[in-house]
Amino acid sequence: MTSTLILIPTYNESENVNNLYRKIKKTKLRIDILFVDDNSPDGTAQIIRQIIRNDKSVHLLLRKQKAGIGGAHLAGIDWAYKKKYKTLITMDCDLTHKPEEIRKLLKMSHTYDIVLGSRYLSKKSLSEWNLFRKILTLLAHILTKTFLSVPYDATGAFRIYKINNIPLAIFKIIESKDYSFFFESIYIFHLNKFRIKEVSISLPSRTYGHSKMTAKDASNSLVFLLKTFYLSRVYIDSYLYIPKLFTGKLNPGKTEKEWDEYWRNPRKKRKILYDTIAVFYRKYIIRRYLNYFINKTFKKNQKILHAGCGAGQVDTNVVKKVKITALDISSEALNRYKNLHGSSCEILYGDIFKIPSRKNIFNGIYNLGVMEHFSEIEIKKILDEFHRVLKKKGKILLFWPPQFGLSVIFLNSIHFILNNLFQKKVRLHPHEITKVKSKKQIKNILSKSGFKLLRFNFGLGDFFTYVVITAEKI
């Protein structure tokens, strides 16, 4: 076994398999070959088995049925990781990718994580293609550059991955099992700042057989491209590789598991309209509103606890003002928070009911949209913990939705329409058990845990969504 593997998906390639195999061997490169065949009805797998009898460096991964070119690549990639290869080459079986150009790409792979065979660096690359194929390919290139801001040839399959430098988890982010796999994968690598290099290649016309891509495949790819453009703006975190800082569990509680699952990939449980509004609100309204109250409540460089931090998208400016310690019950959320803010914050893995810190350590504590998810008895326990870890005269800043807030009224109306009129049984957000009813109610809750209410703000700044409560430890 060598450290380099060529991955070649096949479907009805009986005319090409032997020819491609001989061309690869003619390069004299020490490379293993993996054919991933989708149970081709033309006997492709049988031909590959004949090759394997005489060459143990050739392997076959046989899938039960045709399940997409992207799915074949992902299956082969997973196989390569399990077999501990360091370098993975992917190419088509139709002889449009020239094996003699592999050496040129391999040379670049010593410096880069992904090397792409590009059809656009040289005007001669597609000289043998007919006009229709040239237009179709060029259109795909323009669309991926326009919508995904990917500056590379993102739709080609002739590639090298230095998989010893790339975590397998990166490939797990990819959702497409069809031709969209090619541009989605490069988009994800580009977003995650992997080193990508293009090398000019020339492609002859297909030697035997016919193109597998149909008009339906092309239209599906266009739809997936537009969907990726939109979803990556709403769920950008789910396209990023987040290194695992935490692997342990606080307890086997249902709440922790649910939040871990949510932060692992928000796209899988998406509620697009609601999430779009929520992202817009966090980015353009609440971030500005939070910055205002942080500046008003805490002094520069004070040690502040963000209790129930989530992924921390709204804390971009906060971490520049104060010294943030980010606390959450979800290790997935903390991984994302740390990935976003790096050395600008400390991470604390724990429960707001039992904060893993000694007493009298923080100058302040804040959270956004946390308290309403608990009963008043639970809120008393949370505030008691806040009181314990705060220094004397320490302050808390709570963004707490009221029952008379516009967002509450709006969401209640949407839930009524969906669930009562259309019988959808939909819940757009977690249950809110305790909403703010009055200033008197909040004063009473705070006083039971040793806090004095300083400010009770409710206004146009966040479109009447939150009551912003500032209190001081007494």
Side-chain angles (χ1 to χ4, degrees), residues 281-329 333-334 336-338 340-353 355-372 374 379 382-402 436 439 442-443 445-447 449-462 465-474:
Y281 176 80
R282 283 197 299 267
K283 187 172 181 179
Y284 296 105
I285 299 172
I286 194 61
R287 182 184 291 174
R288 174 186 55 80
Y289 207 48
L290 173 65
N291 293 337
Y292 170 79
F293 280 101
I294 288 288
N295 288 329
K296 196 177 182 70
T297 307
F298 305 121
K299 295 178 181 179
K300 189 172 178 62
N301 293 327
Q302 282 190 318
K303 189 174 177 62
I304 308 299
L305 178 70
H306 186 171
C309 62
Q313 296 99 330
V314 297
D315 284 356
T316 306
N317 297 110
V318 177
V319 295
K320 299 174 184 177
K321 162 77 176 180
V322 295
K323 295 178 180 178
I324 289 292
T325 298
L327 169 73
D328 206 280
I329 195 173
L334 288 174
R336 293 184 180 277
Y337 195 104
K338 188 66 175 177
L340 183 62
H341 299 297
S343 60
S344 300
C345 65
E346 292 182 354
I347 295 298
L348 192 60
Y349 182 40
D351 195 328
I352 55 176
F353 290 98
I355 299 170
S357 294
R358 65 180 186 273
K359 63 181 182 179
N360 306 325
I361 189 171
F362 296 105
N363 299 110
I365 299 173
Y366 73 98
N367 61 33
L368 301 93
V370 173
M371 307 304 281
E372 68 272 19
F374 301 98
I379 291 170
I382 294 168
L383 291 174
D384 286 346
E385 268 297 277
F386 287 179
H387 192 279
R388 181 183 69 82
V389 299
L390 276 174
K391 294 180 178 180
K392 186 178 181 180
K393 299 286 186 178
K395 293 182 176 67
I396 57 174
L397 180 64
L398 309 175
F399 284 65
W400 196 336
V436 175
K439 187 174 181 179
I442 296 303
K443 270 188 176 180
I445 290 173
L446 291 170
S447 64
S449 294
F451 286 98
K452 176 178 67 175
L453 180 64
L454 299 179
R455 287 190 298 272
F456 185 94
N457 298 89
F458 180 64
L460 186 60
D462 68 340
T465 298
Y466 284 115
V467 169
V468 184
I469 298 157
T470 311
E472 184 178 76
K473 176 179 176 178
I474 55 176

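Along the sequence shown, residues carry numbers from 1. Keep in mind that this is a model prediction, so the values were computed, not measured.
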inquiry  = Determine whether a donor-acceptor pair (N or O, by modelled atom type, separation under 3.5 Å) exists between the side chain of His387 and the backbone of Ile474.
reply    = yes
When Ile379, Val468, Val370, Leu368 are each screened for side chain to side chain contact (heavy atoms under 4.5 Å, CB included) with Trp400, the one that passes is Ile379
Exercise. Under the 3.5 angstrom rule, does the side chain of Asp328 hit a backbone N or O of Cys309 as a donor-acceptor pair?
Worked result: yes
Rounding to 0.5 Å, atoms CG (Leu348) and CG (Leu334) come to a distance of 8.0 Å
Next on the checklist: Over 60° means perpendicular and under 30° means parallel, so tell me whether Tyr366 and Phe298 are parallel, tilted or perpendicular.
Outcome noted: tilted
Just say parallel, tilted or perpendicular for the rings of Tyr289 and Phe293, cut-offs at 30° and 60°.
perpendicular
Contact between Asn360 and Val389 at the side-chain level, heavy atoms closer than 4.5 Å - yes or no?
no
d(Thr297 OG1, Glu472 CD) to nearest 0.5 Å is 11.0 Å
Query - Worked verdict on Lys303 versus Glu346 for salt bridge (charged side-chain N to carboxylate O under 4.0 Å, His left out) - result: CA-CA 10 Å; Lys303 189 174 177 62; Glu346 292 182 354; 3.3 Å; yes
Practice item. Answer yes or no: is there a donor N or O on one side and an acceptor on the other, between the side chain of His306 and the main chain of Leu327, under 3.5 Å? Key: no
With Phe399 as partner, the option from Asn367, Ile469, Ile286 fulfilling side chain to side chain contact (heavy atoms under 4.5 Å, CB included) is Ile286
(Q) Within the structure provided, determine whether Leu446 and Leu383 are in side-chain contact (heavy-atom separation under 4.5 Å). (A) yes
inquiry  = With heavy-atom distances below 4.5 Å as the criterion, would you say the side chains of Asn295 and Lys300 are in contact?
reply    = no
Residues Ser449 and Asp384: closest non-hydrogen pair is OG-OD1, 2.9 Å
*Taking the six-membered ring for Trp and the full ring for Phe, Tyr or His, determine whether the centres of Phe374 and Phe353 are under 6.0 Å apart.*
yes
- Task: Take Thr470 and Ile396, measure what side-chain contact (heavy atoms from CB on, under 4.5 Å) needs, and give me the verdict at the end.
- Result: CA-CA 6 Å; Thr470 311; Ile396 57 174; over 6 Å; no
Separation between OH (Tyr349) and CD1 (Ile329), nearest 0.5 Å, reads 7.5 Å
Taken to the nearest 0.5 Å, the spacing of Arg388 CZ from Arg358 CZ works out to 11.0 Å
If we only count heavy atoms from C-beta on, is the Thr325 to Lys323 side-chain gap below 4.5 Å?
no
Given side chains that start at C-beta, do those of Lys296 and Arg455 come closer than 4.5 Å, heavy atoms only? yes
side-chain hydrogen bond (donor to acceptor under 3.5 Å, both in side chains) assessment of Tyr337 paired with Asp315:
CA-CA 9 Å; Tyr337 195 104; Asp315 284 356; 2.6 Å; yes
Across all chains, not counting sequence neighbours, the ring-ring contact (aromatic ring centres under 6.0 Å, His included) partners of Phe362 are none
Review point. Is the shortest heavy-atom distance from the side chain of Val467 to the side chain of Pro401 under 4.5 Å?
Key: no
When every non-hydrogen atom of Ile352 is compared with those of Ala307, the smallest separation belongs to CG2-CB, 3.9 Å
NE2 of His341 to OG1 of Thr316, rounded to nearest 0.5 Å, is 5.0 Å
Fill in: Min side-chain heavy-atom separation Val322-Ile324 under 4.5 Å
yes
Measure the shortest side-chain to side-chain distance between Ile355 and Phe386 over non-hydrogen atoms and say whether it is less than 4.5 angstrom. yes
Before you tell me yes or no, could you show the steps for Asn317 and Arg287 under side-chain contact (heavy atoms from CB on, under 4.5 Å), namely the whole-Å CA-CA distance, both residues' side-chain angles and the distance that decides it to 0.1 Å? CA-CA 8 Å; Asn317 297 110; Arg287 182 184 291 174; 4.1 Å; yes
*Where the side chain of Lys338 meets the backbone of Cys345, is there a donor-acceptor pair that is under 3.5 Å apart?*
yes
Gln302 side chain vs Lys299 backbone, donor-acceptor pair below 3.5 Å: yes
Value for NZ (Lys395) from NZ (Lys473), rounded to nearest 0.5 Å, stands at 13.0 Å
Query raised in the report: What do the steps show when you test Val318 against Asn291 for side-chain contact (heavy atoms from CB on, under 4.5 Å), and what is the final call?
Result: CA-CA 6 Å; Val318 177; Asn291 293 337; 3.7 Å; yes
With a cut-off of 6.0 Å (strictly less than), are more than 12 heavy atoms of other residues, nucleotides or ligands near NZ of Lys321?
yes
